[in-house]
Every structure is written in C-alpha cells, then in structure tokens.
Amino acid sequence: MQATVREVAGWCGAEEITNVSDQDSLILSGVSTDTRKIRPGQLFVPLSGDRFDGHDYIHTAREAGASAALWGRRKPMPDADIGIPLIIVDNTLEALQAITVGYLSQLQAKVVAITGSNGKTTTKDLISSVLETRYRVHKTEGNYNNHIGLPLTILSAAQETEVLVLEMGMSGAGEISLLSRIGQPDIAVITNVGESHLLQLGSRRNIARAKLEITDGLKPGGTLVYYGDEPLLSEELAARNLGKKVKIVTFGENPENDWIARYIRVTAEGTQFTALGDTDTNVELPVPGRHNAVNALAAIAVGRLLGLSFDEIGIGLKSAKLTGMRIERSSAKNGAVILNDAYNASPTSVKAAIDLVAELSGFRRKWVVLGDMLELGPDEIALHGAIGSYLSESKTDNVIAFGPLSEQTYIEAKPRFPGDKAMHFRDKGALMDYLLEHLDSEDLVLVKASRGMRLEEIVTALQKGARR
C-alpha cells in the first residue's frame, strides 16, 4: 500500500488526526500489526485481544520506523508526544478492514478467492502458479487467511499487482461472509465440504452454507467455481437464489461437471490426468493424489476464465510449488519415501490420503501413520473409528495410530491387520523409535494428522535417522 495519511483516514472514516501538519505530504508505505516486523514508513495498527493490547507498544512502533498509527478512540492517549500522526478511530480492527477495502478499490487487480474444508491451500498454490505464467500475482502466504490476515495480504500487494489470489479460512458461520465482503472476488472457488469445524457448525450442511458465504462479496457478473460432486453445495446454492448475476462453473469426476478429471494416474512423484472441459488436455502435477487432480481442475477453470491458453495452464501446473506438509515428498535417512501430509486432517482428507497410498506401487511395504483429527465435535470417536474401518491390507501394509482419539482408529483397524501390523501409541518418542527401527529403505510411509498433533516431528526424526 502506498497512500497518504488523508487517504487512509478517509478510507476508515477517521474524523481526527493528531501530530500532522499536512495530511497529503506524508506517504504511508504498507501496514503492520506487529512491532517486531515493522519497516520504516509503515502504518502501525494496534490490535487488542484478551491478553494483549497493541496500543501499549506505540513507542516501540515509532522507534522501529512507523510513520503513523491508528488509535482507538476509547484508549488513553500516549502520555507524551510520540512524534508521529495518530489516526483516531472507533475500532482499530474494523478500521484495518475498511482501509483494505479502500486500497483494493484503487488496485486494478482481479480477485480470486478460495475456500473449502480441504485442499484450499493446495488449490490456491495451483491457481497462483497457473496465473503467474501471464500475470503479476500476489497470493496469501502461510495462514494469513482470516479477518486479520486477509487484510494484511491485500495491503501488502504492490500497485502493479494484476491478480490477487486470496485464501479464506473459517471456524464458524459468518466469517467467510466478512472475508468475501472485504476481498470482493471476481472469481470465488469452493474446493469441497468436509468435516472440519463440525464442532462449531454441527453438520456438513451447515458447513456447506458457511462455505457458500463466499458469494456474499462476489462482484456482480462474477463467477462461482465449485466442486460439483458435492450435492450439498448444489442444494444450498439453489436455496441462496443468486439468480443470473453469478456465473456458475463446476468441476469434479462426475460427467455432469463443466470440468472433469479422467484417466488419473498417480505415482509417489506426481499425478497425470486428462482434463475434459471446453477442450481435452493432458495435465501433469508435481504432487501425488487423485484428489489433487480434482484440485487442479479448479485451477484450470480459473485460468480459462482469465484467458489463459492450455499451454500456459499446463506449464503453470507442472511447475507448481506447494506449501509445505501437503503431500510433501522427502526421503528418510535410510532412503525410505516419506509423504508428509501433517498440516491438517479431517475424515475426508484422511481417506483421500489412504486412497493415495493404496494407488502407489513399487514399495516393499507401505505404512500409514495417523494422528488425531481435531475439532470434529461430539461424533469424534465414531469418526476416528470410521477411519479404522476404512483401512485394509489392500490399501496399506502397516497402520500406526497416535493420540487418544486415534486409539479408536486402531481398535477398528486391528481385526484386519494381524500381529503387529496395526499399533497404537500415546508417546510420540516411542512411536519414533519404533519407526526408526522397523522402516525399511524400500518402504513408503505417509504421515497424516491435524496440525495440533505436530507429527512433522516424526518426519524430521526419519529424515535425520534419529529422534534428536
């Protein structure tokens, strides 16, 4: 963001500015909410939480180079002249969001927004890689996909950005609606509806409704691209009655979709398939998984909507670099192949990962290491048990479950895995020791769990050949 103090004050509706003689001469270059990351010339936005108050760090922000700051009207003014303008607002978070809308109105960029229970980060990376073959793209990094992270993502985009690719996350109803109204997408993408956030929303239908909130800020004449194999999305979309102002594009494996994945071939190195849409094209991805072929269809659909050729789309998909711990392939110290999918987990994504292991061949043995899936609500025990029932020796040779909830996965899987082919651990160190002793150089091991289980520590131990 490059804006004058007057422009910023106008965007957020501020009526008072202190310590500035000329609101048009001082240019603010970017925004920060963290005094540890402030760069000279930025606007400091002090946010408040249950255990912190950014207003307490105004002197630190000034010393780090902040050129101005927002200031909550109800907060006591600093006890001394701090030497930088304070833009007085009712609520600093709401002001940050309003500034974002104002800055976005100045950009000429198209906006592509992505949400979904599973695969939204991978799909964001695939879409960005495709669009980068022609456009200057700015995308969400890390977990900056909420009511604070999304504004900071937009405000960090350069003026010459041509496409913004924004990931939108949520934990409850209404959150995607807010993000969509801030981001105002030209194209909105929904990857799927899974079981993540059942604890907060209670049912998959409610999750579908929450994901469809992404249409709340969709520009008139915009396009919704969604996973057409999920009937809940189609049913709830019809209930929203968007009318003709929104164009609809669907993708999936069912033949009724606008974009269809066929002849999917999966190896540990990647995925090949044929995409059927406005024409047929062969696609190669550097990431394995049938579900990733479906994610790639969303990227193809977005690329075509923004005028890319199939050659450009193919180059973008083949060269895509994905965010870590999403089917991330590496090697153990002894040469075994590791698939690290430990960033997040839900029943849908765990089953997709198991299906991936089932499709892979050429290994002496295949292992799946499954940790607890979190935030599943009152049915969490049954959902973990269902994963155990889904496992069989036709899909993997060995199962290791980790965590208190995953004990139910072990209990349900055990009857189909004789001897020590199915095991359960509550101690991560003991699990590491067991794998380090038993994993063969010609084996494959998949590691999958919710982020809170920190199973990447197992991956690191295998890569180093030791726990520490």
Side-chain angles (χ1 to χ4, degrees), residues 113-124 145 167-180 185 187-218 222-261 289-299 301-302 344-355 373-380 382-384 386-387 390 450:
I114 303 106
T115 194
S117 295
N118 310 113
K120 57 183 174 289
T121 299
T122 295
T123 304
K124 173 206 69 181
N145 62 4
E167 181 179 328
M168 296 184 175
M170 52 154 265
S171 58
E175 295 176 10
I176 296 294
S177 178
L178 172 63
L179 298 181
S180 180
I187 301 172
V189 179
I190 303 176
T191 60
N192 55 30
V193 175
E195 301 82 4
S196 299
H197 310 305
L198 277 174
L199 178 62
Q200 295 88 349
L201 292 168
S203 70
R204 292 184 70 251
R205 183 171 295 278
N206 285 340
I207 293 172
R209 290 170 179 161
K211 298 304 181 186
L212 281 164
E213 291 174 8
I214 199 169
T215 62
D216 288 353
L218 193 63
T223 303
L224 173 65
V225 179
Y226 77 90
Y227 180 52
D229 293 356
E230 174 52 72
L232 287 176
L233 283 173
S234 299
E235 292 168 14
E236 292 302 320
L237 180 61
R240 290 179 76 85
N241 192 27
L242 296 177
K244 296 182 179 180
K245 66 177 182 178
V246 174
K247 180 180 178 181
I248 303 296
V249 176
T250 60
F251 63 93
E253 294 189 64
N254 293 336
E256 312 84 53
N257 290 302
D258 298 304
W259 286 98
I260 308 163
R290 190 178 193 90
H291 57 294
N292 283 318
V294 176
N295 290 334
L297 289 177
V302 171
N344 213 339
S346 68
T348 298
S349 66
V350 171
K351 288 177 181 178
I354 292 169
D355 290 342
M373 303 174 290
L374 306 178
E375 297 186 355
L376 295 183
D379 294 328
E380 60 184 6
L383 291 168
H384 281 81
I387 295 298
Y390 192 73
S450 285

Note: Gly252 and Tyr227 closest approach over all heavy atoms is CA-CE1, 4.1 Å
dist Ile207:CD1 -> Glu236:CD (nearest 0.5 Å) comes out at 12.0 Å
The reported gap from NZ in Lys247 to CD1 in Ile187 (rounded to nearest 0.5 angstrom) is 9.0 Å
One should read off an interatomic distance between Met170 CE and Ile214 CD1, to the nearest 0.5 angstrom, of 11.5 Å
Worksheet item: What do the steps show when you test Ile387 against Met373 for side chain to side chain contact (heavy atoms under 4.5 Å, CB included), and what is the final call?
Response: CA-CA 10 Å; Ile387 295 298; Met373 303 174 290; 3.7 Å; yes
> So do Ile248 and Leu237 actually touch side chain to side chain, heavy atoms under 4.5 Å?
Replying inline: yes
So, Thr122 side chain and Gly119 main chain: donor-acceptor pair closer than 3.5 Å or not?
-> no
To the nearest 0.5 Å, atom CD of Glu195 lies from atom CD of Glu375 at 13.5 Å
For Ala298 and Val189 the tightest heavy-atom approach is CB-CG1, 4.0 Å
Exercise. Go through the steps for Leu297 and Asn257 under the test side chain to side chain contact (heavy atoms under 4.5 Å, CB included), then give the verdict.
Key: CA-CA 11 Å; Leu297 289 177; Asn257 290 302; over 6 Å; no
Scanning both residues in full, the closest heavy-atom pair of Val249 with Ala301 reads CG1-CB, 4.2 Å
Heavy atoms of Pro347 and Leu376 approach each other most closely as CD-CD2, 3.9 Å
Here the gap from Glu213 atom CD to Ser180 atom OG, rounded to the nearest 0.5 Å, amounts to 9.0 Å
- Message: One pair to check against side chain to side chain contact (heavy atoms under 4.5 Å, CB included): Thr250 and Tyr226. What are the steps and the verdict?
- Response: CA-CA 5 Å; Thr250 60; Tyr226 77 90; 3.7 Å; yes
In this structure, CG of Asn206 is separated from CG of Leu198 (nearest 0.5 Å) by 9.5 Å
Item checked: Polar contact flag, side-chain donor to acceptor under 3.5 angstrom, Thr348-Asn192 -> no
What one should report as the nearest heavy-atom pair of Ile260 and Glu253 is CG2-O, 3.6 Å
Quick check against the 3.5 Å criterion: does Thr115 have a side-chain atom that pairs as donor or acceptor with the backbone of Met168? yes
### Heavy-atom side-chain contact between Asp258 and Val225 under 4.5 Å
no
In sequence, state the C-alpha distance, the side-chain angles, and the governing distance for Thr215 and Arg240, and then conclude on side chain to side chain contact (heavy atoms under 4.5 Å, CB included). CA-CA 9 Å; Thr215 62; Arg240 290 179 76 85; 3.3 Å; yes
Q) Any side-chain heavy atom of Thr191 within less than 4.5 Å of one from Ile114? A) yes
Donor-acceptor pair between Thr121 and Glu167 side chains, under 3.5 angstrom: yes
Practice prompt. Could you tell me whether the side chain of Asp229 and the main chain of Asn254 form a donor-acceptor pair under 3.5 Å?
Written response: yes
Between Leu232 and Arg204 the two heavy atoms that sit nearest each other are CD1-NH1, 3.4 Å
